[in-house]
Amino acid sequence: IPTAATFPLSPTLDHVGYLVASAERLVAPAQALGLLPAGGGPPPPRRLGVARGAVSLADATVAAAFAVALAALERQGTELVDVDWPGGEPVFAATTAIMFAEAAWVHRHLLAARADRYGSDVRDRLVQGAAIGLDTYLAARAYRRHARQACLAVLAGASGAGDTGGASGAAPVDGVLSPTVPIVAPRLAEAADPAVAGRLVTYTRLADLTGLPAVSVPVPGLALPVGVQVETATDAAALGAALALERALGA
């Protein structure tokens, strides 16, 4: 979806998305935007990858809810296979460098003229972004290209991608599953801790970096929300996986 009408934070990472009550409500707008064939629905996934490395970092509540979602998909007939999926510190470092540097560029004139209008936390990040060197920024952009290629290789069923990706099998997968966030929602005081704030974006930054579609579907019936994220090669595949998840979970 074009970002031309939005005010940017980081043009490289910015994406327009939807917030809807159910995946079913995405079908009509996706058709109108040309993301699905006219009059046709998204194909259901036949084989999905599971980012086990991401699951190992989740807390017990999230891991249990994620296991429920996987079991529901298998009962519905979806084949699941473990895959190696890019993530961790390289993704976090690359997205932070790109985001901070580009945000500092976007705000450079306004920050110079009206620094007092910014909250101290945002102002400090923009100053930090302005100090990021060109070499660091270009290295982050290079990793971005590398991560995208690694993700597409996993989705295509390629193997031997080293520590950046590679499916444990030759067949392609229609998407890769992970928890959306590795922890349940923290209290405000807890979220002020940079380590906690970093954990909140552990799994969501990769799709920002690669530009590949991602969708999060909540697991119903929990005291605090837990989401299951699916990253795919196309919008149609993302929507098809979201619909399959909702049906499997009875959402």
Side-chain angles (χ1 to χ4, degrees), residues 1 12-20 23 26 30 35-36 42-58 62-63 65-66 69-70 72-73 78-92 94-95 98-99 143-159 161 163-169 171-182 199-219 226-246 248-249:
I1 303 172
T12 297
L13 305 179
D14 291 345
H15 296 90
V16 174
Y18 311 86
L19 292 173
V20 293
L26 280 177
L35 305 177
L36 292 174
R46 293 180 297 177
R47 192 171 190 259
L48 291 171
V50 180
R52 291 291 178 187
V55 182
S56 68
L57 300 175
V62 173
F66 187 72
L70 295 186
L73 283 169
T78 304
E79 182 185 357
L80 302 179
V81 56
D82 290 354
V83 297
D84 296 324
W85 196 235
E89 182 58 30
V91 171
F92 186 82
T95 50
I98 293 170
M99 177 172 56
Y143 179 77
R144 173 179 177 265
R145 294 188 293 272
H146 180 69
R148 179 181 172 88
Q149 291 168 355
C151 289
L152 290 173
V154 172
L155 292 166
S159 59
D163 60 355
T164 56
S168 33
V173 293
D174 298 308
V176 173
L177 300 159
S178 71
T180 306
V181 180
R199 289 198 75 193
L200 293 174
V201 297
T202 298
Y203 306 143
T204 56
R205 287 244 185 129
L206 179 61
D208 293 331
L209 187 68
T210 63
L212 296 175
V215 61
S216 177
V217 176
V219 179
V226 172
V228 176
Q229 178 176 255
V230 190
E231 295 171 79
T232 63
T234 67
D235 291 282
L239 184 49
L243 289 167
L245 263 169
E246 283 191 345
L249 292 167

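Just the heavy atoms: all of them, side chains too, but no hydrogens, waters or symmetry mates, feed the values below.
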Report yes or no: does [X] contribute a side-chain atom to a donor-acceptor pair with the main-chain N or O of [Y] at less than 3.5 Å?
X: T180; Y: G227; value: yes
X: D174; Y: R47; value: yes
X: R144; Y: G211; value: no

Check whether any side-chain heavy atom of [X] sits under 4.5 Å from a side-chain heavy atom of [Y], and report yes or no.
X: W85; Y: S178; result: no
X: T210; Y: C151; result: yes
X: L212; Y: T232; result: no
X: V228; Y: F66; result: yes
X: P172; Y: L155; result: no
X: R46; Y: T78; result: no
X: V50; Y: V83; result: no
X: V176; Y: L48; result: no

Which atom names give the shortest non-hydrogen contact between [X] and [Y], and what distance separates them?
X: P42; Y: L243; answer: CG-CD1, 3.4 Å
X: L73; Y: L177; answer: CD1-CD1, 3.8 Å
X: P86; Y: V91; answer: C-CG2, 4.3 Å
X: V173; Y: V154; answer: CG2-O, 3.7 Å
X: P45; Y: G240; answer: CD-O, 3.5 Å
X: Y203; Y: A58; answer: OH-N, 3.9 Å

Tell me yes or no: between the side chains of R205 and T95, is some donor less than 3.5 Å from an acceptor?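 Judged by distance alone, the side chains do pair up.
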Could you walk me through whether T202 and V181 pass the side-chain contact (heavy atoms from CB on, under 4.5 Å) test, one step at a time? CA-CA 7 Å; T202 298; V181 180; over 6 Å; no
[atom1] of [X] to [atom2] of [Y]: how many Å apart, nearest 0.5 Å?
X: L209; Y: T12; atom1: CG; atom2: OG1; result: 9.5 Å
X: L206; Y: R148; atom1: CG; atom2: CZ; result: 11.0 Å
X: L245; Y: Q229; atom1: CG; atom2: CD; result: 11.5 Å

Between R52 and D82, does at least one N-O distance fall below 4.0 Å, as a salt bridge requires?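 D82 and R52: salt-bridged.
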